[in-house]
2 protein chains.
Amino acid sequence: MSQRDFKDALYEQFARIGHAMSSPKRIELLELLGQGEKSVDALAAHADLPVKNTSAHLRVLRQARLVERRREGTYLYYRLADDKVIHFLKEMEELGRIRLAEVERVTNTYLRSRDELEPVTFGELRRLLKRAEITLIDVRPRDEYRAGHIPGAISVPVAELRDHLHKIPKGREVIAYCRGPYCVYSVEAMALLRRRGYRARRVENGIPEWRALGLAVAIGE
Amino acid sequence: MSQRDFKDALYEQFARIGHAMSSPKRIELLELLGQGEKSVDALAAHADLPVKNTSAHLRVLRQARLVERRREGTYLYYRLADDKVIHFLKEMEELGRIRLAEVERVTNTYLRSRDELEPVTFGELRRLLKRAEITLIDVRPRDEYRAGHIPGAISVPVAELRDHLHKIPKGREVIAYCRGPYCVYSVEAMALLRRRGYRARRVENGIPEWRALGLAVAIGE
DNA sequence: CTATTATTCCAATGATCATTAGAATAGCGC
DNA sequence: GCGCTATTCTAATGATCATTGGAATAATAG
């Protein structure tokens, strides 16, 4: 084997990972899997894709060894193969944020200027939780809450928020978190709460980032 | 703008970075640029590509804002746009190493079993350098040495090693380093030195990794 | 201004990929 | 065994990409 062949073979293997990350839909699927394991069906629904299509993308991710799966009855549940995958994805997004002005532009267009949202950092959140001064709500779908949430948070999926406001006391500040920095659930939740007279803010990051820092995660109801 | 449009636009931006990393040759080019800035010409020679082709790949990398360039006379010199790029590349390779058994296989085929090489870690290298017990040689091309090398190393490009053995004292152990963990220069250098009766080892990582750790780099001759 | 060198742009080719229809599989309950 | 559901596999389509020949550009030297 020549030196050239060796290099070619080596870089080709690395490129498999790049290739897996070269499709917007595959990135979205990985991001969703960062919230916890999910069936093909559920992934398809969240990513707005036909199941067939989702299956094809998962195949590519599986070939790059980024995801694994397990069977339960007729369902196949996919999960990230390693914590490193989320870590890598976050690095990629940070590089995007730094290098690509378009990311900032797109984000500002939809989320308004980020600063207007007065996001809460994890550090501040932990201080506030310790003093028990706030109500922390997890506005993701309930199964994602079950798969892992910040200790002390209560589950109020954004779709049910309007009907469950009675669960949330008015005197205390409400802090919402969801999937991550680009997830809109907490933005929507915050807007609704403020309209109803609550003091409300959102956390700037989500569960995958919380996990990546090695912070404790509560599981189940 | 709907939530769906927002997500699509956002993930499409991130996918630009994945796409840039989805070609083996582009990864090789980034790796080369991790050694220091280089002309299209030089990149083409190192990567074993036609200049035209190299130019096209650099175009893609430039569109993803991973590289920048500067003109000097009729030459264009490309460089990495940010230290984060190398950092990201290294993350990708680590994920590859963990996830892709093929990488191990390819590596072992060419470099023999890695363990046989008795690689020196950066930690050990620094201890040995402090005690001045070894001769440290940089076996990369001379321009890469000039662009940045480990303080205390002397430049002996692997191609010239055979004719410059007189520069290297026989009593002390010789340690060689090159571009990184998959670079074969130091492996070749080590083999030659051992045949000639030297005690020789190689460093397990290279300059990009040294830089990524924030360690001091010497520039020039 | 012309010639020369390094590089890019344009356009066309073939290769690879995403998507999607239709057939096939795997597990389950009967 | 049969029917049902979730998912995958196979194959074909069109879209995108890498590659490459030929023309164009940009800087320099004469």
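Just so you know, these numbers come straight off a predicted model, no measurement behind them. Below, chain A is the first sequence line, B the second, and so on; all start at residue 1.
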Nearest to the side chain of B/Asp41 - C/dT7, C/dC17, D/dG21? C/dT7
Identify whether NZ of Lys or CZ of Arg in A/Arg70 sits under 6.0 Å from the centre of the six-membered ring of A/Tyr77 and within 45° of that ring's axis. yes
Round to a whole Å and report the spacing from CG of B/Leu29 to P of C/dT7. 13 Å
Kindly say if A/Arg59 contacts the phosphate of C/dA18, meaning a side-chain N or O under 4.0 Å from OP1 or OP2. no
Taking the side chain of A/Arg71 as heavy atoms from C-beta outward, which of C/dG27, D/dT8, C/dT8 is closest to it? C/dG27
Using a 4.0 Å heavy-atom cut-off across all strands, classify B/Tyr78 as base, sugar-phosphate, or nothing. sugar-phosphate
D/dT20 OP1/OP2 closer than 4.0 Å to side-chain N/O of B/Asn53: yes
Can you find a side chain N or O atom of B/Thr74 that sits less than 4.0 Å from OP1 or OP2 on D/dT28? no
Whether the side chain of B/Arg140 engages the backbone of B/Glu144 through a donor-acceptor N/O pair (distance < 3.5 Å, no angle test) should be reported. yes
Ion pair present between B/Arg69 and B/Glu37, side-chain N to carboxylate O less than 4.0 angstrom? no
With no hydrogens and no angle check, just 3.5 Å: does a side-chain donor-acceptor pair link B/Tyr177 and B/Asp138? yes
Can you tell me which nucleotide in C/dT19, C/dC17, D/dT7 comes closest to the side chain of A/His19? C/dC17
Below the 4.0 Å mark, does C/dT19 have OP1 or OP2 next to a side-chain nitrogen or oxygen of A/His57? yes
From the set D/dA6, D/dA18, C/dT19, return the single nucleotide nearest to any side-chain atom of B/Arg26. D/dA18
Can you tell me the distance, in whole Å, between the NZ atom of B/Lys52 and the P atom of D/dA23? 10 Å
Heavy atoms under 4.0 Å, any strand shown: does A/Arg69 hit a base, just sugar-phosphate, or nothing? sugar-phosphate
Ranking D/dC17, C/dT20, D/dT28 by distance to the side chain of A/Pro50, first place goes to C/dT20
Taking 4.0 angstrom as the limit, do A/Glu221 and A/Arg146 come out as a salt bridge? yes
Interatomic distance where CD belongs to A/Glu72 and C1' belongs to D/dA6 [whole Å]: 13 Å
Nearest-Å distance, OH (B/Tyr77) to C1' (D/dA27)? 13 Å
I want to confirm an ordering. Mapping A/Gly73 and A/Leu49 to their closest nucleotides on DNA chain C, which one lands closer to the 5' end? A/Leu49
Just wondering, are more than 12 heavy atoms of other shown residues or ligands nearer than 6.0 Å to CZ in B/Arg59? no
Between C/dC9 atom P and B/Arg62 atom CZ, what is the distance in whole Å? 7 Å
Please report, rounded to the nearest Å, how far the C1' atom of C/dT7 is from the NZ atom of B/Lys38. 18 Å
Given atom CE of A/Met21 and atom P of C/dC17, what is their separation to the nearest angstrom? 17 Å
Distance check needed: C/dC17 P versus A/Leu61 CG, whole Å only. 14 Å
Heavy-atom donor-acceptor pair, B/Lys25 side-chain to D/dA18 base, under 3.5 Å: no
